[in-house]
Visitor: 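Take this structure first; my questions come after.
These numbers come from a predicted model, not from an experiment. First listed ligand is number 1; within each ligand, the first listed atom is number 1. Counting from 1, the numbers follow the sequence of the chain as shown.
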Amino acid sequence: MHSAEPDRPHRLPRYLVNTYSWAYLRPRSIRLLDHNFVVNLILWGQSRQLIGAVVNRLQPNTRVLQAACVYGDFSKNILTRIGALGALQVIDVAPIQLANLRAKLQGQTNVTFHLEDLTHPVIGSFNRDSCDAACCFFLLHEMPNELRMPALRNLIGALKPGGKLIVTDYHRPAKWHPLRWIMALVFKFLEPYAQSLVDISIESLLPKDAMYLLEKRLFFAGLYQMVVITKQP
Ligand SMILES: C[S@@+](CC[C@H](N)C(=O)[O-])C[C@H]1O[C@@H](n2cnc3c(N)ncnc32)[C@H](O)[C@@H]1O
């Protein structure tokens with residue numbers, strides 16, 4: 001197993017420390033939350049469908065970039081899909097998350113771990129135009145709006161022409177959705193940046209200096225979305 005964690009002091013983004021320490025930065029939280037059934041509960045029983053939709057867009061024997069660690073078996077599903085001749089690169093800004101994922105994926109030889117902030121203007125760990133696909137699974141709603149475009153710029157920059165960025169995240173649910181008001185409370189008290197994501201379209205966050213093909217699919221009466229962005233040559 002390879003590691004690409006740089007030997008330099010590392011700073012966690014303020015939004016992550018202030019808002020999500022309880023979820024991602026404490027060993028006890030990881031022990032408690034890093035289970036498939038917890039991910040499925042948080043996603044209201046939709047995790048298999050959402051993860052399946054992402055994995056189905058990946059091809060065997062390809063190079064895939066995963067933007068940030070995800071609890072449960074998300075990365076294992078990707079590795080199964082791309083097979084032994086594929087390669088997975090996982091980027092996360094939190095050393096504790098990368099260490100946890102490294103332990104979960106022990107024995108996999110085709111995965112590398114990269115300690116990087118995806119919102120920084122330059123990401124040293126991977127080459128531009130080198131990946132066939134990139135996955136961004138429920139990350140954007142956790143960051144302030146002004147940092148979303150820099151993160152997407154990095155992910156698109158990593159793609160080969162014709163490569164796909166698969167973004168999965170919250171979406172504004174249908175008016176009659178029974179969970180609409182519960183989700184409004186979750187956003188208000190636990191996910192303070194999420195409303196600013198569902199108020200806009202992910203397409204509007206794409207850097208304007210490139211051309212894309214876009215596909216959008218809604219899940220669970222619109223509470224979730226998957227946007228597949230194909231980078232044009
Ligand atoms: C993918 S998101 C949420 C995933 C989902 N809620 C789950 O089930 O795990 C959580 C991860 O994003 C990472 N993260 C947040 N901001 C980041 C950034 N700017 N660059 C890289 N990783 C980041 C956190 O450290 C954390 O491991």
Visitor: Polar-atom distance check: V93 versus ligand 1, any N or O pair below 3.5 Å?
Guide: yes
Visitor: Going from CG on N100 to SG on C69, what distance comes out if it is rounded to the nearest 0.5 angstrom?
Guide: 7.5 Å
Visitor: Near F137, which atoms of ligand 1 are under 4.0 Å from a heavy atom of that residue?
Guide: 1 (C), 4 (C)
Visitor: If the cut-off is 4.0 Å to any non-hydrogen atom of E142, which atoms of ligand 1 fall inside it?
Guide: 2 (S), 3 (C), 6 (N), 10 (C)
Visitor: Please list the nearest protein heavy atom to atom 20 (N) of ligand 1 with its residue and the distance rounded to 0.1 Å.
Guide: L118 N, 2.9 Å
Visitor: Distance to 0.1 Å, residue and atom name: give those for the protein heavy atom nearest to atom 15 (C) of ligand 1.
Guide: L139 CD1, 3.6 Å
Visitor: I'd like to know if the side chain of D132 reaches the main chain of R63, judged simply by a donor and an acceptor atom lying under 3.5 Å from each other, with no hydrogens or angles considered.
Guide: yes
Visitor: Could you list the atoms of ligand 1 found under 4.0 angstrom from a heavy atom of A94?
Guide: 25 (O)
Visitor: Assess E116 for proximity to ligand 1: is some non-hydrogen atom of it under 4.0 Å away?
Guide: yes
Visitor: Okay, side chain of Q59, backbone of N61: is any donor-acceptor separation there less than 3.5 Å?
Guide: no
Visitor: To which protein heavy atom is atom 12 (O) of ligand 1 closest, and what is the distance rounded to 0.1 Å?
Guide: A68 CB, 3.2 Å
Visitor: Looking at H177 and L179, would you say the former's side chain and the latter's main chain have a donor-acceptor pair under 3.5 Å?
Guide: yes
Visitor: Between R148 and D169, does any side-chain N to carboxylate O distance fall below 4.0 Å?
Guide: no
Visitor: Tell me, which protein residue and heavy-atom name are nearest atom 13 (C) of ligand 1, and how many Å apart are they?
Guide: D92 OD2, 3.3 Å
Visitor: I need the nearest protein heavy-atom contact for atom 5 (C) of ligand 1: residue, atom name and distance, please.
Guide: Y24 OH, 4.0 Å
Visitor: Side chain of Y170, backbone of M183: donor and acceptor closer than 3.5 Å?
Guide: no
Visitor: Would you mind listing which atoms of ligand 1 come within a distance below 4.0 Å of any non-hydrogen atom of V70?
Guide: 7 (C), 8 (O), 9 (O)
Visitor: Taking D34 first and then K104, would you say they form a salt bridge - that is, a charged N and a carboxylate O separated by under 4.0 Å?
Guide: yes
Visitor: Under 3.5 Å, side chain of K208 to main-chain N/O of S204, donor-acceptor pair present?
Guide: yes
Visitor: Quick test of your reading of the model: are D117 and R11 salt-bridged, counting only N-O distances below 4.0 Å?
Guide: no
Visitor: Of the protein's non-hydrogen atoms, which lies at the shortest distance from atom 7 (C) of ligand 1, and what is that distance?
Guide: Y71 N, 3.7 Å
Visitor: Would you check whether Y15 reaches within less than 4.0 Å of ligand 1, judged by its heavy atoms?
Guide: yes
Visitor: Please identify which atoms of ligand 1 are closer than 4.0 Å to at least one heavy atom of Q97.
Guide: 27 (O)
Visitor: Taking the six-membered ring for Trp, are Y193 and F187 closer than 6.0 Å centroid to centroid?
Guide: no
Visitor: M143 versus ligand 1: do any nitrogen or oxygen atoms come within less than 3.5 Å of each other?
Guide: no
Visitor: Side chain, backbone, both or neither: which applies to I42 and ligand 1 if a contact is any heavy-atom pair less than 4.0 Å apart?
Guide: neither
Visitor: Which atoms of ligand 1 sit under 4.0 Å from any heavy atom of T119?
Guide: 19 (N)
Visitor: Establish, yes or no, whether a centroid distance under 6.0 Å links the rings of Y15 and Y20.
Guide: no
Visitor: Can you name the atoms of ligand 1, numbered from 1 with element, that are less than 4.0 Å from a heavy atom of D117?
Guide: 18 (C), 19 (N), 20 (N)
